[in-house]
Amino acid sequence: MEKLIVDYTAVAVNTGGRKGHVKTDDGILDFEVAMPKEIGGEGGKTNPEQLFAAGYAACFGGTLASVSGKTSLRDSEIKVKVNLGHYGPNSFGLGVDIEVKIPQADSLDHAQQLADLAHEHCLYSKATKGNIEVTVKAVE
């Protein structure tokens, strides 16, 4: 594997795990996290799955813009759903569903082609490839 030439490093520190605190080294992000109510937590605060969904959506949207060519993306929307689940009593996992809306695309097929191309090049997609199930679907 080729050696990564680092251009930027994001740094975040967590204390207390899923019921704790997260802060970036620059202080821009600084907040409490909590387990979702749906899995027995108190809710009311963000959680790792929401943070992952937000990061993936932003990265995917940026990649879509770079691979789209002349297609206007001014009204495009990327919805990322991060699914937390389990395979058995002590085996947990994630799955991701990405919905891509590109109103300015020539057709739904064209939107799907652009979404697939973005998925091929998105850094989050590359990082998760072969590790978790990711579906990408163009929607109207």
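Position 1 is the first residue of the sequence; numbering continues from there.
Here the straight-line distance linking atom NE2 of His86 with atom CD1 of Ile39 works out to 11.5 Å at 0.5 Å rounding.
Taking 4.5 Å as the limit, every side-chain heavy atom of Val96 sits out of range of all side-chain heavy atoms of Asn83. You'll find the side chain of His110 reaches within 4.5 Å of the side chain of Leu114, heavy atoms only. No side-chain heavy atom of Lys101 sits less than 4.5 Å from a side-chain heavy atom of Lys79.
Under a hydrophobic clustering in which Ile, Leu, Val, Met, Phe, Trp and Tyr are joined whenever their side-chain heavy atoms come within less than 4.5 Å, directly or via other members, Val100 and Val67 fall into different clusters. Hydrophobic clustering places Ile98 together with Leu73 (ILVMFWY residues linked when any side-chain heavy atoms are closer than 4.5 Å, directly or through intermediates). Placement of Leu117 and Ile102 in two distinct hydrophobic clusters is found when ILVMFWY residues are connected by side-chain heavy-atom separations under 4.5 Å, directly or transitively.
Here the closest heavy-atom approach between residue Thr24 and residue Asp26 is recorded as OG1-OD1, 2.7 Å. Taking all atoms of both residues into account, the shortest heavy-atom contact from Pro36 to Asn47 is CG-ND2, 3.6 Å.
Contacts classified as salt bridge (charged side-chain N to carboxylate O under 4.0 Å, His left out) and involving residues 40-59 (residues at least two apart or in different chains) are given here: Arg18-Glu49, Glu42-Lys45.
Asp109 and Ser107 form no side-chain donor-acceptor contact under 3.5 Å, judged by distance and modelled atom types alone.
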Show, in sequence, the C-alpha distance, side-chain angles and deciding distance for Leu51 and Phe31, and conclude whether the side-chain contact (heavy atoms from CB on, under 4.5 Å) test is met.
CA-CA 12 Å; Leu51 295 170; Phe31 50 83; 3.8 Å; yes

Start with the C-alpha gap between Asp116 and Glu120, add the side-chain angles, then the distance that decides, and say whether side-chain contact (heavy atoms from CB on, under 4.5 Å) holds.
CA-CA 6 Å; Asp116 290 340; Glu120 182 181 331; over 6 Å; no

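Between the side chain of Thr128 and the backbone N or O of Asn131, no donor-acceptor pair lies under 3.5 Å. No donor-acceptor pair under 3.5 Å is formed between the side chain of Thr63 and the backbone N or O of Ala118. Side-chain atoms of Asn14 come within 3.5 Å of backbone N or O of His21 as a donor-acceptor pair.
Considering Leu123, Val80, Val82 in turn, Val80 is the only one that fulfils the side chain to side chain contact (heavy atoms under 4.5 Å, CB included) rule with Tyr56.
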Only distances under 3.5 Å count here; give the side-chain donor-acceptor pairs of residues 132-140 to other protein atoms, sequence neighbours excluded, each with its distance to 0.1 Å.
unit_1, atom_1, unit_2, atom_2, d
Thr135, OG1, Asp97, OD1, 2.7

